[in-house]
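Remember, it's 1-based here, ligands and their atoms both numbered in the order they're listed.
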Amino acid sequence: MRVLVSGGAGYIGSHTVVQLIAAGHEVVVVDNFGNAKPAVMGRLDTLTGTHIPMHAFDVTDKDKTEHLFATERIDAVIHFAGLKAVGESVQIPLDYYQNNLESTFSLLRAMRRHGCHTLVFSSSATVYGDQAPVPYQEDYEPLGAASPYGRTKVMIEHVLRDVAHIETDWRIGVLRYFNPVGAHVSGTIGEDPQGIPNNLMPFIAQVAVGRREKLQIFGDDYPTPDGTCQRDYIHVEDLAAGHVAALNRIVNSDDPIRTWNLGTGTGTSVLEVVKAFERASGQPIPYDVVGRRAGDLPAFWADATRANEELGWHATHTIDDMCADTWRWQSQNPQGYDDSVEE
Ligand code: UFG
């Protein structure tokens, strides 16, 4: 298939591009480089041995999106593009609602106009809210989320369901990610957050490489075995494989829409991640335990049974693999994609 990957220069998008091409698909990338570096594209060309067509614009732009579909053959879309920082979404909610919803509307309309009805959408475990029993199962209702970011995912899931309910020629896969970490085994592509990382793994990696002095652990008084929060960390390569599997499944399915969790099914604590990273990198990770971060849940992980059974997919990488691959990326690219820039 010829697959349009929105946000294809971003962290999860770039890893998925590599696996789509390895699986025999053709890829077209659209990215506004709002949270990604143009240098990614050259590295993707090198990794895949192809030249990947690239369109640098924001898919909230309806005219440009329409023009893209009018001029490129597109069989399917994987829609990663969007704003994703939970804390920032509380500060600038209108930007989050506008960007994440309008990009989806713009793509859906252009797709429909050009007879393309195959879509894989990036959702998040955050849609389970704070009441769902652990492990999280796809059928849980009602969806809810604690942040504007999370609510954009809930809203888009509802939009997609309502559209697929009445326009039954759609084939939509909704993928709920747990905590993506890790990097391509080559160490040439990986996560490159702007500014101070919000998420645990990139923060630890920057401590290990000497960019930050120490980690702050947000609370060790949770009702968990070691008192720190547990999450379902999933290697970005497993996540990328889940997209390829979902795409192959939906085109051969009778269901207009189907949702799958992409997680490992196990929880790992903050302290366990710190220890695993020290083992993988050989570097000490100094830390202070500070107060809890607002909005953090004590512990959650996926029930990955549905993806195992229906997609023939399961996560294969351990937390040690995730740390080793993150470390290879971070140590080979201490300043991310932009090695010449001083912070
Ligand atoms: N943590 C620290 N110190 C840090 C950063 C994080 O102790 O500097 C802790 C957090 O308190 C949490 C754990 O590490 O217990 C994981 O935090 P992340 O920020 O890495 O991940 P979250 O689980 O908070 O967030 C992730 C995704 C969001 C998504 C959310 C809910 O990043 O996109 O899961 O599914 F919305």
Point to revise | Distance from atom 32 (O) of ligand 1 to nearest protein heavy atom, with residue and atom | key: Asn199 ND2, 3.0 Å
Study note, to complete from the structure: Looking only at protein heavy atoms, what sits closest to atom 31 (C) of ligand 1 is Thr126 CB, 3.5 Å
**Study point:** Residues Glu66 and Lys62 bridged, charged N to O under 4.0 Å
**Key:** no
Review point. To the nearest 0.1 Å, how far is atom 29 (C) of ligand 1 from its closest protein heavy atom, and which atom is that?
Key: Ser124 OG, 3.7 Å
Review point. How long is the span from the CG atom in Leu215 to the CD1 atom in Ile204, to the nearest 0.5 Å?
Key: 5.5 Å
Review point. Who's the nearest protein heavy-atom neighbour of atom 20 (O) of ligand 1, and how far?
Key: Leu200 N, 2.8 Å
Check your understanding: Is the shortest side-chain N to carboxylate O distance from Arg171 to Asp255 below 4.0 Å?
Key -> no
Check your understanding: Any idea which part of Arg292 is under 4.0 Å from ligand 1, heavy-atom wise: side chain, backbone, both or neither?
Key -> neither
Exercise for review: May I ask you to identify the nearest protein heavy atom to atom 24 (O) of ligand 1, giving residue, atom name and distance to one decimal place in Å?
Suggested key: Arg293 NH2, 2.9 Å
Check your understanding: Within a reach of under 6.0 Å around CD of Glu141, are more than 12 heavy atoms found that belong to other residues, nucleotides or ligands?
Key -> yes
Practice item. Please say whether Tyr177 places an N or O atom under 3.5 Å from an N or O atom belonging to ligand 1. Key: no
Check your understanding: Of the backbone atoms (N, CA, C, O) and the side-chain heavy atoms from C-beta on, which set of Val273 has a member under 4.0 Å from an atom of ligand 1: side chain, backbone, both, or neither?
Key -> neither
Check your understanding: Counting heavy atoms only, which of Val86, Asp296, Thr224 is nearest atom 11 (O) of ligand 1?
Key -> Asp296
Point to revise | Tyr287 and ligand 1 - part of the residue with a heavy-atom distance under 4.0 Å | key: neither
**Study point:** Over 12 non-hydrogen atoms of neighbours within 6.0 angstrom of CZ in Arg113
**Key:** yes
Point to revise | Tyr233, Phe218, Phe178: member with heavy atom nearest to atom 13 (C) of ligand 1 | key: Tyr233
Exercise for review: Just jot down the ligand 1 atoms closer than 4.0 angstrom to any heavy atom of Cys229, in number order.
Suggested key: 15 (O)
Check your understanding: Can you name the one residue among Trp313, Phe121, Tyr177 that meets ring-ring contact (aromatic ring centres under 6.0 Å, His included) with His243?
Key -> Tyr177
Check your understanding: With atoms numbered from 1 as shown, which atoms in ligand 1 lie under 4.0 angstrom from a non-hydrogen atom of Tyr149?
Key -> 33 (O), 36 (F)
Review point. Which residue holds the protein heavy atom closest to atom 9 (C) of ligand 1, what is that atom called, and what is the gap in Å?
Key: Val270 CG2, 3.8 Å
Exercise for review: Using a strict cut-off of 4.0 Å, indicate which atoms of ligand 1 neighbour a heavy atom of Ile217.
Suggested key: 7 (O)
Check your understanding: Any idea which protein heavy atom is nearest atom 22 (P) of ligand 1, and the distance to it?
Key -> Asn179 ND2, 3.6 Å
**Study point:** Aromatic ring proximity Trp329/Tyr337, centre distance under 6.0 Å
**Key:** yes
Practice item. Please could you name the atoms of ligand 1 that Asn198 approaches to less than 4.0 Å, counting only its heavy atoms? Key: 5 (C), 19 (O)
Review point. Do any nitrogen or oxygen atoms of Leu215 lie less than 3.5 angstrom from nitrogen or oxygen atoms of ligand 1?
Key: no
Review point. At what distance is the nearest protein heavy atom to atom 3 (N) of ligand 1, and which residue and atom is it?
Key: Gln216 O, 2.7 Å
**Study point:** Arg176 bridged to Glu157 by N-O distance under 4.0 Å
**Key:** yes
Review point. Ion pair present between Asp221 and Arg292, side-chain N to carboxylate O less than 4.0 angstrom?
Key: yes
Check your understanding: If you count the non-hydrogen atoms of other residues, nucleotides and ligands that lie under 6.0 Å from NE2 in His67, is the total more than 12?
Key -> no
Review point. Taking non-hydrogen atoms only, is Ala125 closer than 4.0 angstrom to ligand 1 via side chain, backbone, both or neither?
Key: both
Review point. Can Glu278 and Lys275 be counted as an ion pair, charged N to O under 4.0 angstrom?
Key: yes
Practice item. For Phe300 and ligand 1, answer yes if some heavy atom of the residue is under 4.0 Å from a ligand atom, otherwise no. Key: yes
Review point. Salt bridge between Asp75 and Arg73, side-chain N to carboxylate O under 4.0 Å?
Key: yes
Check your understanding: What do you reckon, are the aromatic ring centroids of Tyr136 and Phe300 less than 6.0 Å apart?
Key -> yes
